[in-house]
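In what follows, every heavy atom counts, from backbone to side chain, and hydrogens, waters and symmetry copies are set aside.
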2 protein chains.
Amino acid sequence: MPVRILIFEDNAGLREGLCQLLMLRDEYEITGRYENASQVITLLDQHNPDVILMDIEMPGISGIEAVRLIRTVNRDVQIIMLTVFDDHSHVFDALKAGANGYLLKRNVSDRLISSIGEVLAGGAPMSPSIARLVIGEMQTSKASAPYPLSDREKQILSSLADGNSFKMIASDLGISLETVRTHIKRIYEKLHVHSQIEAVSKAIREKLV
Amino acid sequence: MPVRILIFEDNAGLREGLCQLLMLRDEYEITGRYENASQVITLLDQHNPDVILMDIEMPGISGIEAVRLIRTVNRDVQIIMLTVFDDHSHVFDALKAGANGYLLKRNVSDRLISSIGEVLAGGAPMSPSIARLVIGEMQTSKASAPYPLSDREKQILSSLADGNSFKMIASDLGISLETVRTHIKRIYEKLHVHSQIEAVSKAIREKLV
DNA sequence: ATCACTATCCCCCGATCTGGGTATTTCGCG
DNA sequence: CGCGAAATACCCAGATCGGGGGATAGTGAT
């Protein structure tokens with residue numbers, strides 16, 4: 001059985017180019033090609049594709065909106081974004097919406113075939129710069145601030161961040177309320193903050209908890 | 001100038017295999033190969049590599065620890081993890097520590113060469129299952145619970161999360177303190193929380209702000 | 001024209017937190 | 001052995017917050 005592919009791409013030249021490229025191989029079947037995604041849900045039912053190639057910028061609804069729509073009714077079809085945008089927000093919005101891969105158009109010619117194979121094998125094909133962007137996201141967590149909090153202080157801070165009052169923390173840890181307060185005061189000094197909110201917000205954002 | 005490669009891998013067989021594979025190509029130069037990373041900083045200085053292949057499980061210090069150490073002194077060398085572990089915590093710890101790529105040993109034979117090229121070109125080579133894990137991470141920021149906060153409420157919540165007191169929020173927005181309090185009460189109801197801390201912690205973690 | 005929702009404002013009271021102190025014990029380090 | 005860091009505990013005064021009321025006004029949908 002050939003792999004069923006559905007294409008959404010508003011640029012007619014590129015759209016036909018993609019089709020040509022894929023039709024060279026008989027393991028692929030283009031079940032449909034459209035210049036916008038306004039009927040995406042209906043078309044999804046009609047064609048029941050294995051893979052969708054989705055442009056982002058199209059007249060009517062955007063490719064990212066389309067992905068969101070698709071994911072409300074179908075978690076299985078593999079979606080590869082195919083676009084010129086390599087900025088942070090397009091990439092993350094698309095991935096959060098539920099895309100499985102993200103290819104820049106300039107990489108399409110040499111990576112499309114392998115990417116379709118990869119996405120069907122449970123992978124997440126991405127252009128190199130996109131992959132770097134994605135892992136860069138998780139690396140931002142670190143570095144900046146090695147606050148010298150003691151173990152006890154970290155423990156109390158994280159309990160505080162879970163929404164516990166001083167009283168609750170005290171009884172959780174089996175120590176006096178006043179002791180909790182003393183720890184909290186030192187935490188404030190070390191973090192250069194003056195309230196629970198600031199401490200918790202700083203702690204969460206800088207990944208101390 | 002050949003690409004200078006440094007290898008840390010405790011399994012002698014695999015280590016030699018990697019060398020054989022790379023030495024087939026004269027654009028690569030193995031400047032060193034070691035069975036543990038205990039001298040990693042010294043060796044880094046000595047060899048000044050372009051790419052490091054790093055196992056995770058080694059006697060002495062782990063590959064992840066080694067990456068952390070390397071990143072304290074060098075942001076430029078490209079590091080590819082080479083390991084059998086494909087679980088969430090190994091992968092994320094390694095990437096957070098500063099690795100640029102993550103290959104499973106079972107994919108090494110067919111992807112090593114292309115991965116080295118990719119990492120040098122500013123990409124982030126990953127085994128397919130790893131890539132899927134990574135993008136799965138950002139999709140967990142699930143849209144499942146879109147709390148129906150009004151615009152004003154979101155604004156106030158995010159100001160609160162920045163560490164502002166009710167008083168500060170009131171004067172920032174040019175409204176009365178009591179109005180801020182009313183909004184806050186409604187936010188608590190909608191979020192099912194009972195304090196600033198809980199609200200802010202929930203807001204940040206579910207990234208409503 | 002009524003309903004639901006939003007944004008605005010006010011009061012009260014008790015609980016909680018903040019900032020300023022002081023003090024004891026334990027533990028590791030030189 | 002003395003020193004500092006960490007953990008423990010207490011007191012007080014004033015600010016802030018949480019939960020309970022009630023109130024007016026505008027907007028958009030039905």
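- Here B:H90 contributes atom NE2 and B:E57 contributes atom CD; the two are 7.0 Å apart, rounded to the nearest 0.5 Å.
- Nucleic acid contact for B:S195: sugar-phosphate only, since backbone atoms but no base atoms lie under 4.0 Å from a heavy atom of the residue.
- The 5' end of DNA chain C is approached more closely, in terms of each residue's nearest nucleotide, by B:I156 than by the other of B:I156 and B:K185.
- Between B:R186 and A:I175, the one whose closest nucleotide on DNA chain D sits nearer the 5' end is A:I175.
- A donor-acceptor pair under 3.5 Å links the side-chain atoms of B:Y188 to the main chain of B:Q196, judged by distance alone.
- For A:K167, no side-chain nitrogen or oxygen approaches OP1 or OP2 of C:dA15 to under 4.0 Å.
- At the heavy-atom level, A:H194 lies under 4.0 Å from the strands shown only through sugar-phosphate atoms.
- To the nearest angstrom, C1' of D:dG18 lies 7 Å from CZ of B:R181.
- The aromatic rings of B:Y34 and B:H47 sit tilted relative to each other, their planes meeting at an angle between 30° and 60°.
- Computed from coordinates, the B:L157 CG to D:dC17 P distance equals 14 Å when rounded to whole Å.
- Of the candidate nucleotides D:dA7, D:dA9, D:dG18, D:dA7 has the atom nearest to the side chain of A:E153.
- Following rounding to the nearest Å, A:I197 (CD1) and D:dT16 (P) show an atom-to-atom distance of 13 Å.
- For the pair B:Q78/B:P125, no side-chain contact is recorded, criterion being any heavy-atom separation below 4.5 Å from C-beta on.
- The distance from atom CG of A:L177 to atom C1' of D:dC11 is 12 Å, rounded to the nearest whole Å.
- Here B:S150 does not reach the OP1 or OP2 of C:dC5: none of its side-chain N or O atoms lies under 4.0 Å away.
- In this structure, A:V119 and B:R132 approach most closely via the heavy-atom pair O-NH2, 3.5 Å.
- Side-chain nitrogen and oxygen atoms of A:H183 include none within less than 4.0 Å of the OP1 or OP2 phosphate oxygen of D:dA6.
- Nucleotide D:dT16 holds its P atom 13 Å from the CD atom of A:E198, rounded to whole Å.
- Atom pair B:E189:CD and D:dG18:P shows a separation of 13 Å (rounding to whole Å applied).
- Within the 4.0 angstrom heavy-atom criterion, base atoms lie near B:T179.
- At whole-Å resolution of the value, CD1 in B:I184 and P in C:dC9 are 15 Å apart.
- Among the heavy atoms of the strands lying under 4.0 Å from B:S165 are primed sugar atoms or P, OP1, OP2 only; no base atom is included.
- Between B:Y188 and D:dG19, a side-chain N or O to OP1/OP2 separation shorter than 4.0 Å is absent.
- Nucleotide D:dA7 holds its P atom 10 Å from the CD1 atom of A:I187, rounded to whole Å.
- Residue A:R152 is the one, among A:R152 and B:E178, whose nearest nucleotide of DNA chain D lies closer to the 5' end (criterion: closest heavy atom).
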